[in-house]
Amino acid sequence: MKKFNILMAGAIALFATSCEKDLDPALPQENPQEPVLTTGDITTVAGGVLAEGQTVINLEAYRAAGEIPVLNLPETNNLPEGAVVEYKVELANNEGFNNPVVLDTYIGETEETQNNYYVLADNWNAAHIQLFGKDPKAQTVYYRVPVYVNLDGTDFRYSSTTYYGLSGVKEETCMDNGVVIENAYYLMSSATGMTLADAQPFTQVYPGSPYDEPYFDAKVKVTEDVLQANGGQCKWMIAPQSSVDANSTNGVFGPVAGQETATEGQLTAESPAQGILSEAGKYLIHIDVWNNTFTVTKLEQPNVLYTPGDANGWDQLNSAWMTLDNGSYYCYAPFRGGFKLCENPNWDDNAANWGVDPEDPIKLMNGQEAGNIPVEEAGLYRLNVTYDSEADGLSTYEFISLDANKIGLIGGFAASGWNDDVFMAPELDDAGNLTGVWTAEATFAAGDEFKFRFDSAWTYNLGGDQKALTQDGANIKVAEAGTYTIKLFLLGGYAHFEMEKK
């Protein structure tokens, strides 16, 4: 790595060299332009990865060198004595440059590099992770290059605050993280004959790229018959999608030797051991395929209920996921027509699908004889479902109607003051039905907190984990001041939200 020259003296403090996704933009100090140069006195020259001939930037190719060439020495006229030209590189995942990441540049000091500007490779990779996540697929990155003149230790923005020496768009891939994650995994177990053909699919816990959300769950029911037929043991292993497609056990993995009966441990594909369940019951197997770990939990009742129906295309994973709370379940979601309650993310197990009892429509029953749960009027509801531990099953359900136009943001930010709601606009499909998405715009100061609430009252509110909001959850803190677009999603997982700075 080349030593930094005077150009890095003030710049190094402006950018934290971090490889984490939460890398903060290092916005440069803006100073008024002194009347030392006129437009056209500095011509920025693209080089390295920003040259016109290179359309795809493979960040892995620059890992060993530790630096990425981006510009050549500029062409200058009338540059004052002692003044030097400095650059930043701004990267964004959108054409409007909302939430850009700013990278410092420096000039090489060897004879071969003294005419080139560089960016640290690790910094660029950290910026990529912040903008796009860890998925190795190519991403579209927008870039622009503001120009500065450093004179007597002070940086002046050349030309104007809206002038950029270069701008454009490239494709780029992140550095190889050494981890290969597939889009789907399957649970092989003695309960299904330990075959690939009958393996049960895992469900991704949170929506998104599996490289950023590498958590998967599968449930298995171990009966006394299964134990008796297999010498008192129900064995389990995990097959990635590639193994299922090839109908081959190559690539199948499981707990490391010595952890076969453990409730948590490490997974391996090298001479994999098989997990062992030795008691009858329902089990949740949770895997983290980034860190290759597992946990096994014996379930007294389902940890989640899915609500497939007319409002979500009768698709478990696209439905509202009901949260387990003190033995019962709840969710906030749009409903219409009819729906069912499912313990599994598919239709394979009729005993795990619940509907109304034809003889007593207030009660719930499972199996093919159960009818759809009717929704008298399409709209937004809180759905409550009770669980009967003695009967080991769902018991009754309750609808609470809510105003779809009165989901509000409330918090300590200026427009609310923990008193007034900033109402979110519901998204409708072409037929006028609620899609399960609500949107609002709000301006926050750093450290402001907020929550979501319904019908301008605290009776029903959501807070806590961004990926799985819960009733009466913790306040949500905003780290960086600014105006944000906030989207609340009540379908396609647990209630969750996204926020993007404008």
Side-chain angles (χ1 to χ4, degrees), residues 203 205 217 219 221 281-282 284 297 299-402 404 407 434 436 452 454-455 459-462 464-465 468-473 489-496:
T203 302
V205 176
D217 286 347
K219 289 184 286 188
K221 185 176 182 179
K282 295 179 181 179
L284 173 71
T297 305
L299 299 174
E300 298 301 326
Q301 66 182 90
N303 63 314
V304 60
L305 291 178
Y306 306 97
T307 59
D310 289 312
N312 49 64
W314 289 93
D315 186 298
Q316 283 87 347
L317 296 182
N318 287 331
S319 72
W321 298 11
M322 301 197 73
T323 300
L324 176 62
D325 181 40
N326 293 323
S328 296
Y329 301 87
Y330 70 88
C331 71
Y332 297 90
F335 289 95
R336 68 176 188 271
F339 68 99
K340 287 285 186 73
L341 296 165
C342 298
E343 297 180 24
N344 293 338
N346 50 55
W347 296 104
D348 295 340
D349 187 351
N350 287 322
N353 302 325
W354 295 76
V356 295
D357 185 338
E359 297 182 2
D360 188 351
I362 296 177
K363 293 185 178 180
L364 297 169
M365 65 176 290
N366 62 14
Q368 291 182 340
E369 299 302 319
N372 293 341
I373 302 170
V375 182
E376 292 185 4
E377 183 177 354
L380 174 66
Y381 295 89
R382 172 174 164 129
L383 172 65
N384 297 320
V385 174
T386 58
Y387 182 85
D388 186 342
S389 57
E390 293 185 3
D392 189 27
L394 306 183
S395 178
T396 61
Y397 67 96
E398 175 191 23
F399 276 122
I400 299 170
S401 179
L402 300 168
I407 297 181
L434 294 169
F452 302 91
F454 300 81
D455 287 3
T459 306
Y460 303 115
N461 69 86
L462 292 172
D465 187 347
L469 296 165
T470 54
Q471 172 71 34
D472 298 322
F489 300 85
L490 298 182
L491 295 177
Y494 297 108
H496 58 284

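All values reported here derive from a predicted model rather than from experimental measurement.
Looking at every heavy atom in both residues, K340 comes nearest to G371 through CE-O, 3.4 Å. Residues E369 and P358 come closest through the heavy atom pair O-CG, 3.5 Å. When all heavy atoms of V356 and P361 are compared, the pair lying nearest together is CG1-O, 3.6 Å. Closest heavy-atom contact between G337 and D310: CA-OD2, 3.3 Å. Across N372 and G338, no two heavy atoms sit closer than the pair CB-CA, 4.4 Å. I373 and G355 get closest at one heavy-atom pair: CG1-CA, 4.1 Å.
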TODO: May I have the step-by-step check of side chain to side chain contact (heavy atoms under 4.5 Å, CB included) for I407 and L380, ending in yes or no?
DONE: CA-CA 10 Å; I407 297 181; L380 174 66; 3.7 Å; yes
- [ ] Run the numbers on L462 and T470 for side chain to side chain contact (heavy atoms under 4.5 Å, CB included), then give the verdict.
- [x] CA-CA 5 Å; L462 292 172; T470 54; 5.6 Å; no
Task: Trace of the side chain to side chain contact (heavy atoms under 4.5 Å, CB included) decision for K363 with Y397 - done: CA-CA 7 Å; K363 293 185 178 180; Y397 67 96; over 6 Å; no
- [ ] Could you walk me through whether L491 and N318 pass side chain to side chain contact (heavy atoms under 4.5 Å, CB included), step by step?
- [x] CA-CA 6 Å; L491 295 177; N318 287 331; over 6 Å; no
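Counting only distance, with no hydrogens or angles, the side chain of T307 and the backbone of A320 share a donor-acceptor pair below 3.5 Å. The backbone N or O of L383 sits nowhere less than 3.5 Å from a side-chain atom of E398 that would complete a donor-acceptor pair. Judged by distance alone, with hydrogens and angles left aside, the side-chain atoms of Q316 form no donor-acceptor pair with the main-chain N or O of P308 at under 3.5 Å.
If you take OG on S401 and CD on E377, they are separated by 7.0 Å, rounding to the nearest 0.5 Å. Separation of atoms CG (N344) and CG (N353) is listed at 7.5 Å; rounding is to 0.5 Å. Here CE of M322 is found 6.5 Å from CG of L341. Values are rounded to the nearest 0.5 Å. Once rounded to the nearest 0.5 Å, the distance linking CH2 of W354 with CE of M365 reads 9.0 Å. Taking OG1 of T459 as the reference point, atom CD of Q471 lies at 8.5 Å (rounded to 0.5 Å). With rounding to the nearest 0.5 angstrom, the CG atom of L305 is 8.5 Å from the SG atom of C342.
Checking each of F454, Y332, F399, Y460 against Y381 for a ring pair (Phe, Tyr, Trp, His ring centres under 6.0 Å) leaves exactly one that passes, namely F399. Partner E343 forms a salt bridge (charged side-chain N to carboxylate O under 4.0 Å, His left out) with one of K219, K221, K282 and no other, that one being K282.
Below 30°, between 30° and 60°, or above 60°: for Y387 and Y329 the angle between ring planes is above 60°, a perpendicular geometry.
For the residue pair T386 and S328, no side-chain donor N or O sits within less than 3.5 Å of a side-chain acceptor on the partner. In this structure, a donor-acceptor pair under 3.5 Å is present between the side chains of D472 and N461.
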